[in-house]
A.B. asks: 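Submitted below is the structure of interest, expressed as structure tokens.
Just so you know, these numbers come straight off a predicted model, no measurement behind them.
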Amino acid sequence: MPFEIWLLYLVTCCGISVVPGPNALLVLTHGALHGRRKTLFTITGGVLGFALVLSLCALGLGALIQASATWFTALKVVGGLYLIWLGFGLWRAAPVSLDTVDTTSQRSWSLFRQGLVSAVSNPKAILLFTAFIPPFLDPHRNIVVQTAAIALTYAVVEFFVEYLVASAAHRVRPWLARTGRRFNKVCGGFFVLFGVALPVHA
């Protein structure tokens, strides 16, 4: 990929990463509840998921799923149900405690898994990546090398943006200690809305 094309792709990635979505909301929530260090597991899972989806789209899987209405509808339903499940879990969660820090490996794995599944089960990501990747691919060059380059670039940008979100969210922890239950319900409600809208919105 020529440098000027890569630079244009980099700018495009920055624009896409700052647009709010289910993963950004998940990172915002985890950043406020668990702190930026613990949220690195959520971010890593989400970035890995996005890089995987982007790579598959670049290799043609996105076009294949788009061509199959049944598979695409199934993916939308699964993604929507998962977001609803996350929303209800957050709705019932206890407010954050400033004195409680969960450092168990099980919690870390749970945060990683939530970020990963939220990314790979989002059909909007498939549509987006399938739409914006082709202009940056040169059919006369090695498609695998190009896919690795665009996936790595997007992963780095997404990681940086989500880490900034988690860091900013962590600053509101003292406020959450007083009004955390309302925060949980609002964010949980947004997840449910995302999940309900996902399967029915084209």
A.B. asks: Quick one: CZ on Phe112 to OG1 on Thr42, what's the gap to the nearest 0.5 Å?
C.D. replies: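 That separation rounds to 10.0 Å.
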
A.B. asks: For Arg37, is the CZ atom crowded, meaning more than 12 foreign heavy atoms sit under 6.0 Å from it?
C.D. replies: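 No, not enclosed.
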
A.B. asks: With rounding to the nearest 0.5 Å, note down the distance linking NE2 in His30 to CG in Leu40.
C.D. replies: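 Interatomic distance, His30 NE2 to Leu40 CG, rounded to 0.5 Å: 13.0 Å.
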
A.B. asks: Is it true that, when you exclude Phe159 itself, more than 12 heavy atoms of the residues, nucleotides or ligands shown sit nearer than 6.0 Å to its CZ?
C.D. replies: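 Correct, the count exceeds 12.
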
A.B. asks: Restricting to non-hydrogen atoms, name the atom on Ala51 and the atom on Ala155 that form the minimum distance, rounded to 0.1 Å.
C.D. replies: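 Distance-wise, the nearest heavy atoms are CB-CB, 4.4 Å.
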
A.B. asks: Please answer whether the main-chain N or O of Ile150 pairs with a side-chain N or O of Tyr9 as donor and acceptor at a distance below 3.5 Å.
C.D. replies: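 Judged by distance alone, yes, a pair lies under 3.5 Å.
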
A.B. asks: Count I, L, V, M, F, W, Y as connected when their side-chain heavy atoms are under 4.5 Å apart, and connections chain through other members. Are Phe3 and Tyr154 then in the same cluster?
C.D. replies: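 Shared cluster, yes.
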
A.B. asks: With a 4.5 Å heavy-atom cut-off, do Glu162 and Phe50 have their side chains touching?
C.D. replies: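 Side-chain contact under 4.5 Å: yes.
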
A.B. asks: Between Thr39 and Val27, is there a donor-acceptor pair closer than 3.5 Å when you use the side chain of the first and the backbone of the second?
C.D. replies: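 Checked: no pair found.
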
A.B. asks: Classify the side-chain pair Gln114/Ser110 by whether it contains a donor and acceptor separated by less than 3.5 Å.
C.D. replies: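 A donor-acceptor contact under 3.5 Å links the two side chains.
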
A.B. asks: What distance do Ser108 atom OG and Arg113 atom CZ have between them, rounded to the nearest 0.5 Å?
C.D. replies: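 Those atoms lie 12.5 Å apart.
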
A.B. asks: Working to the nearest 0.5 Å, report the span between NE2 of His34 and CG of Leu111.
C.D. replies: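 With rounding to 0.5 Å, NE2 (His34) is 5.0 Å from CG (Leu111).
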
A.B. asks: Considering all heavy atoms of both residues, which atom of Gly46 and which atom of Ala119 are nearest to each other, and what is their separation?
C.D. replies: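 Heavy atoms only, the tightest pair is O-CB, 3.5 Å.
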
A.B. asks: Can you name the nearest heavy-atom pair linking Ser118 to Asn23, along with the distance?
C.D. replies: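 Where Ser118 meets Asn23 most closely, the heavy atoms are OG-OD1, 3.0 Å.
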
A.B. asks: Between CG of Leu152 and OG1 of Thr147, what distance do you get to the nearest 0.5 Å?
C.D. replies: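 Atom-to-atom, Leu152:CG and Thr147:OG1 are 12.0 Å apart.
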
A.B. asks: Does any part of the side chain of Trp6, heavy atoms only, come nearer than 4.5 Å to the side chain of Thr153, both counted from C-beta?
C.D. replies: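 A side-chain contact under 4.5 Å exists here.
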
A.B. asks: Would Leu164 end up clustered with Ile43 when hydrophobic side chains under 4.5 Å apart are linked, directly or stepwise?
C.D. replies: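 Unlinked, Leu164 and Ile43 end up in two clusters.
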
A.B. asks: Let me know which of Leu54, Val53, Leu52 forms a side-chain contact (heavy atoms from CB on, under 4.5 Å) with Leu56.
C.D. replies: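 Going through the options one by one, the only one that passes is Leu52.
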
A.B. asks: With heavy-atom distances below 4.5 Å as the criterion, would you say the side chains of Tyr163 and Phe160 are in contact?
C.D. replies: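 No, every pair of side-chain atoms sits at 4.5 Å or beyond.
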
